[in-house]
Amino acid sequence: MLHTRTTPAERRRALRAGLASGRLLRMPGALNPLTARLIQETGFDAVYLSGAVLAADLGLPDIGLTTSAEIAARAQQTARVTDLPVLVDADTGFGEPMNAARTVQLMEDAGLAGLHLEDQVNPKRCGHLDGKTVAPRAEMVRRVRAAVDARRDPDFLLMARTDARSVEGLPAAIDRARAYVDAGADAIFPEALADVSEYEAFRAAVDVPLLANLTEFGKTPLLDTATLENLGYNIALYPVTLLRIAMGAVEDGLRTLAAEGTQKSLLPRMQTRSRLYELLGYEEYAAFDSAVFDFTLPPGD
């Protein structure tokens, strides 16, 4: 009730332990704090906060318009309500290496378990769009080193994302990933891999946890969890899945309401009031309120 029952330090250790276990962690992207709670209830291993989703929630494209403060605020709201580790998309670090350093501390203070920084330049693009530009490798190495130097909790996960596959080719992306690991990155996010052979090449070349980005309508095949486990990947990421499902349902519902003049036909597709209250823990709040306020004063002396 009101907040998570675990501390940020516990959740960071849990993410580290999960990555060290060798099993695949399933990580859907949350739309908001309420969906983060539902991700936990459904039995997933961690929660993700996508920069694309957070931008879209503000009615903005994913081109680096959001700020570190906006992302940290939503991250704190999300981390408050789930006992799962939360990983956040920190884009390019929101500026120069010093900005990346500040971003790390903002996300630590928000209660997150980790973040990833990417090697694009600003204005950045969605990782599955053409026309991306990557920063010089040395610049990204400085970005990673600044993040490592700024980290206060050694269990806070620092992941480096490389978008170089579709710009410079697979060998260059692998070389970049190795350089980022040498600079202190704990894990690697290889963006927009084209097929299973490329997943295999990355796994053979990089000896830290690897994330598979399973975003829809992109350049990467939607591999199932059994395949990813066999490939030796550590995280299966579904960053925008819930947003796409929800927005599809909203569009369809609005069209139906406009055409029929009533929402009656939509009722079977809605989450009920009782289910929402169950998810929110309404009864726990009522019990807490009664315990605090329903009392009588003892007689005076």
Side-chain angles (χ1 to χ4, degrees), residues 1-8 10-12 14-15 17-19 23-59 62 66 70-89 107 110-116 157 211-217 222 224-225 228 234-254 263 266-288:
M1 188 190 72
L2 292 175
H3 49 72
T4 178
R5 294 174 174 82
T6 53
T7 67
E10 289 172 326
R11 297 193 292 277
R12 290 167 191 161
L15 179 58
L19 292 173
R23 65 186 181 88
L24 182 71
L25 306 182
R26 302 157 303 147
M27 188 180 294
L31 303 183
N32 51 30
L34 186 59
T35 53
R37 181 170 289 179
L38 194 55
I39 288 167
Q40 175 177 327
E41 186 178 289
T42 312
F44 287 92
D45 303 292
V47 173
Y48 181 66
L49 293 177
S50 159
V53 169
L54 293 174
D57 189 54
L58 295 172
D62 183 25
T66 53
E70 287 174 316
I71 301 301
R74 176 54 62 90
Q76 189 276 333
Q77 292 167 350
T78 303
R80 183 184 64 80
V81 300
T82 177
D83 290 307
L84 294 179
V86 180
L87 177 72
V88 70
D89 176 358
M107 301 309 168
L112 297 177
L115 60 75
H116 64 76
L157 188 80
L211 178 150
N213 184 19
L214 304 167
T215 192
E216 303 83 11
F217 314 114
L222 301 181
D224 59 39
T225 53
L228 290 170
N234 305 88
I235 296 174
L237 183 67
Y238 311 95
V240 194
T241 305
L242 299 186
L243 174 71
R244 292 186 171 120
I245 292 170
M247 291 305 295
V250 167
E251 285 197 55
D252 187 50
L254 288 170
Q263 70 273 49
L266 296 170
L267 291 178
R269 292 149 55 189
M270 291 185 184
Q271 185 183 61
T272 64
R273 183 193 298 267
S274 60
R275 175 65 184 119
L276 174 60
Y277 285 4
E278 179 184 41
L279 184 60
L280 292 171
Y282 241 85
E283 289 188 4
E284 295 177 44
Y285 281 88
F288 178 85

Show your working on side chain to side chain contact (heavy atoms under 4.5 Å, CB included) between Ile235 and Leu19 and close with a plain yes or no.
-> CA-CA 8 Å; Ile235 296 174; Leu19 292 173; 3.8 Å; yes

Supply the atom-to-atom distance Leu84 CG to Gln40 CD, rounded to the nearest 0.5 angstrom.
-> 4.5 Å

Does Leu243 reach the side chain of Leu31, with side-chain heavy atoms less than 4.5 Å apart?
-> yes

Steps toward side chain to side chain contact (heavy atoms under 4.5 Å, CB included) verdict (Arg23, Asp45) | CA-CA 11 Å; Arg23 65 186 181 88; Asp45 303 292; 3.1 Å; yes

Passes side chain to side chain contact (heavy atoms under 4.5 Å, CB included), Leu237 versus Leu87? Steps please.
-> CA-CA 10 Å; Leu237 183 67; Leu87 177 72; 5.6 Å; no

For Glu216, the side chain to side chain donor-acceptor pair (under 3.5 Å) test, sequence neighbours excluded, returns Thr241, Arg244

Is a donor on one side and an acceptor on the other found under 3.5 Å between the side chain of Arg11 and the backbone of Val86?
-> no

Minimum heavy-atom distance between Ala79 and Gly111, given as atom pair plus value = CB-O, 3.7 Å

Please examine the side chains of Asp89 and Val53, heavy atoms only from C-beta on, and report whether any two atoms are closer than 4.5 Å.
-> no

Backbone N/O of Tyr238 and side chain of Arg26: donor-acceptor pair under 3.5 Å = no

Any chance the side chains of Gln77 and Arg74 put a donor and an acceptor closer than 3.5 Å?
-> yes

For side chain to side chain contact (heavy atoms under 4.5 Å, CB included), just list the numbers for Leu34 and Leu279, CA-CA rounded to whole Å, side-chain angles, deciding distance to a tenth of an Å, and then say yes or no.
-> CA-CA 8 Å; Leu34 186 59; Leu279 184 60; 3.6 Å; yes

